[in-house]
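To start, the structure under review is shown below, and the notes come after it.
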Amino acid sequence: MANKPLATLNDFSRGINNKDAPNLIPDNALVDAQNVILGRGYASKRHGYIRYTTGLGAGSSITKLYNFYRNNGTSELLAVNSLSLKKVNAGSLSTIPSTPTFLKSNDVQMITYKNRNIDDVVLLADTGKLKVYNGTDIKEVSPHIPEDTSSGGGGNEIADPGANDLISLTNFRALAIKKDRIFAAAHPTVKNRVSFCYHDPFIGYAVYDYWPATHFIDIAPDENDEIVELKVFRDALLIFCKRSVWLLSGDGINLTDYQLTRVNVPTGCVSPKSVQMVGNEVFYMSDDHVYSLYSTDQNYISAKVVSESIEETINKYSYSDRQKAVGHTFENRYYLSFPDSSCLVFDVLLGSWVRWTNVKANSFLTKDGELYFSTDAGHIQRFLKTIFHDDGNAIDFYIKTKIFDFKYPVNKKKFKRLWLIVKQYDGFKSSYAIQSFIDFFQTIDTGIIETSINEGAVWDESDWDNIDWDFAELLQMELKMGKKGKNVQFMISNNNLNEPLTVFGLTVEFKLKNA
């Protein structure tokens, strides 16, 4: 039988696949990928983060980050901590005065809108009454009393919308703005009710202090479902319930102008913080998978599972942890952080998942082109592409390939040599630990070999063959294997502080033995 001397592996772009057996996954998939950024033809150790604010101490979790953008071009970074709203400035947090009480919950949703004087404000849904931050202080929204022009009182409002029901809406937990309306899940007992505010024709936009008692729609009343999140999608309103998802379309003033349809998806949303726009789709965490909602037609929304390849990973999270998952979209990646500090990262362009550690985010935020997140320790952390540690701690990177038989599953092979192609960084040291496994996880005797790179230095003594040392961005390292078996698997790792790492691929030389 003819030999097939070389096999090259230079694409890891399919990411983690732990649903299928490690010898059956595609060649460009990985059994595991920790703290990795993938591209077409490379796998890099992710960059790290540093502290953006001083810590507030134990028990002082920052649970929400929000950027308050004003139309005049200014902005404020806001944070929720210890039932209060805080302003972040120059690395410190100052408490914003609150009247008459602090927040009801640290689980707060915020949206930016305008008051009746066309001033920019932030509306807060904290599972209590609707609150507003005007740039100076935070207080409960006072219900507006409409004036009746029909009585000759000279008012500029009409009586048609009826009484203001804002006083009865005492459980604001989800907010969304759809064209000329603010929609909310806010009723204290009817958990499947969507209320919407009044559009004032004289002002020309919706007013958040007037919620007519007739302006509501009950979702799936026969199923006793509960609304957890609202999201605008393609000029319609997605209503996420625990067991179902619904679409509210239409822009009319009357209730009859709205159309409610059920989205064809097998399950609802268990984590409101996981709901994020990802490109032209909406991702969310259900009780079994991460789903994507997409549309090819304005009135047709469908769903697909996007976490199928990491099914084993998803199954390890308890239902409680899935409820607490926090999502965010940044630079074509969807981040989903869990309470155990693990973070699943989906690359939209590659359609692949990797797993990051040490990212226990209560809230994410994109600010000035950088990614931030808040923690239980009262810190706000900022990712930077120029550092390779997590607030002073080493980043534990590794990739684990599939089990390769190189299309000769029953043939014994002598694995002779391995070439690893890596990037050399100008001014940074890198080290590479390479481990091989022969015949289903039987570790090769040579164990882990590490090689350090330093600009202007030489290779450490090891089992590597000769290499031309003049600085080059790509280096090819050769390792003698000299082991026999039917299949092989490789693991490349680095857990050293302040060390970047990029692997472009590897090539294996082997010789077939008789079957």
Side-chain angles (χ1 to χ4, degrees), residues 4-16 25-47 347 350 352 354 385 388 395 397-404 406-407 413 415-438 444 446-483 487-496 499-511:
K4 185 178 181 180
L6 296 176
T8 299
L9 315 171
N10 56 11
D11 183 6
F12 313 104
S13 60
R14 290 287 288 272
I16 298 174
I25 63 177
D27 288 355
N28 59 348
L30 296 164
V31 171
D32 203 359
Q34 178 173 286
N35 292 319
V36 180
I37 293 176
L38 296 176
R40 299 195 185 278
Y42 69 86
S44 291
K45 183 179 182 179
R46 70 164 173 86
H47 46 275
D347 190 302
L350 299 177
S352 60
V354 296
K385 295 180 180 179
F388 301 96
I395 301 170
F397 159 95
Y398 69 82
I399 57 174
K400 197 169 188 178
T401 71
K402 68 171 289 184
I403 296 174
F404 291 97
F406 304 116
K407 298 183 180 180
K413 308 167 187 71
F415 299 103
K416 302 179 69 176
R417 289 183 292 177
L418 167 68
W419 291 268
L420 183 68
I421 303 171
V422 296
K423 178 177 180 178
Q424 181 178 202
Y425 289 83
D426 190 1
F428 282 94
K429 185 177 86 172
S430 294
S431 54
Y432 311 85
I434 308 165
Q435 197 166 4
S436 303
F437 303 90
I438 305 294
I444 195 169
T446 53
I448 299 175
I449 297 175
E450 297 187 359
T451 301
S452 297
I453 301 175
N454 236 334
E455 185 182 7
V458 296
W459 290 103
D460 293 340
E461 276 189 18
S462 66
D463 196 19
W464 302 101
D465 287 351
N466 294 329
I467 297 173
D468 293 331
W469 175 244
D470 290 340
F471 184 84
E473 187 173 350
L474 297 183
L475 295 177
Q476 187 180 91
M477 300 182 292
E478 182 179 339
L479 170 66
K480 294 178 180 178
M481 297 180 68
K483 295 293 177 179
N487 51 61
V488 64
Q489 183 180 34
F490 300 100
M491 180 173 173
I492 303 169
S493 60
N494 175 296
N495 61 358
N496 293 335
E499 289 190 1
L501 170 61
T502 297
V503 178
F504 291 102
L506 53 87
T507 297
V508 183
E509 181 184 38
F510 63 93
K511 184 176 181 180

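- For the pair Phe510 and Ala7, the tightest heavy-atom approach, listed with the atom from each and the gap, is CE2-CB, 4.0 Å.
- Shown here for Phe397 and Leu501, the closest heavy-atom pair between the two residues is CE2-CD2, 3.1 Å.
- Atom CG of Leu479 sits about 10.5 Å away from atom CH2 of Trp419, to the nearest 0.5 Å.
- Judged by distance alone, the side chain of Asn494 and the main-chain N or O of Ser431 form a donor-acceptor pair under 3.5 Å.
- For the residue pair Asp347 and Ser352, no side-chain donor N or O sits within less than 3.5 Å of a side-chain acceptor on the partner.
- Between Val36 and Ala43, the closest heavy-atom pair is CG1-CB, 4.1 Å.
- Leu420 CG to Glu478 CD: the interatomic distance, rounded to the nearest 0.5 Å, is 11.5 Å.
- Between the side chain of Lys416 and the backbone N or O of Lys511, no donor-acceptor pair lies under 3.5 Å.
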Fill in: Val488 vs Phe406, side chain to side chain contact (heavy atoms under 4.5 Å, CB included): CA-CA, chis, key distance, verdict
CA-CA 9 Å; Val488 64; Phe406 304 116; 3.8 Å; yes
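- Residues Lys402 and Pro26 approach most closely at CD-O, 3.7 Å, considering heavy atoms.
- Ring orientation note: the planes of Phe428 and Tyr425 are nearly perpendicular, at an angle over 60° on the 30°/60° scale.
- Within a 6.0 Å sphere centred on CZ of Arg46, heavy atoms belonging to other residues, nucleotides or ligands number more than 12.
- Contact between Val31 and Ile16 at its shortest, heavy atoms only, is O-CG2, 3.8 Å.
- Considering CG of Asp27 and CG of Asp11, their distance stands at 9.5 Å, rounded to 0.5 Å.
- Counted by atom type alone, Asn10 and Thr8 present zero donor-acceptor pairs between their side chains at under 3.5 Å.
- Atom CG of Leu475 is separated from atom OG1 of Thr502 by 11.5 Å, given to the nearest 0.5 angstrom.
- Of the possible donor and acceptor atoms, none in the side chain of Lys400 sits under 3.5 Å from a partner among the backbone N and O of Asp32.
- Side chain to side chain, Ser493 and Gln435 fail the donor-acceptor criterion of an N or O pair below 3.5 Å.
- A heavy-atom distance below 4.5 Å is found between the side chains of Leu506 and Ile492.
- Note that the CD1 atom of Ile25 and the CG atom of Leu30 stand 7.0 Å from one another [nearest 0.5 Å].
- The two residues His47 and Phe388 come nearest to each other via the heavy atoms CA-CD2, 4.2 Å.
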Item to complete: Check the pair Phe404, Val508 against side chain to side chain contact (heavy atoms under 4.5 Å, CB included), reporting the backbone distance first and the verdict last.
Response: CA-CA 10 Å; Phe404 291 97; Val508 183; over 6 Å; no
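- In this structure, the side chains of Ser436 and Met481 come closer than 4.5 Å at one or more pairs of heavy atoms.
- With hydrogens and angles ignored, the 3.5 Å screen pairs no side-chain donor or acceptor of Ser430 with any backbone N or O of Glu499.
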Worksheet entry | Derivation of the side chain to side chain contact (heavy atoms under 4.5 Å, CB included) call for Asn496 and Lys429 | CA-CA 10 Å; Asn496 293 335; Lys429 185 177 86 172; 5.9 Å; no
Item to complete: Begin with the C-alpha distance, continue with both residues' side-chain angles, and end with the deciding distance and a verdict on side chain to side chain contact (heavy atoms under 4.5 Å, CB included) for Tyr42 and Lys423.
Response: CA-CA 10 Å; Tyr42 69 86; Lys423 178 177 180 178; over 6 Å; no
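- Summarising the geometry, atom CZ belonging to Phe504 is positioned 13.0 Å from atom CD belonging to Gln476; distances are rounded to the nearest 0.5 Å.
- Cation-pi geometry between Lys413 and Phe415 is not satisfied (NZ or CZ under 6.0 Å from the ring centre, within 45° of the ring normal).
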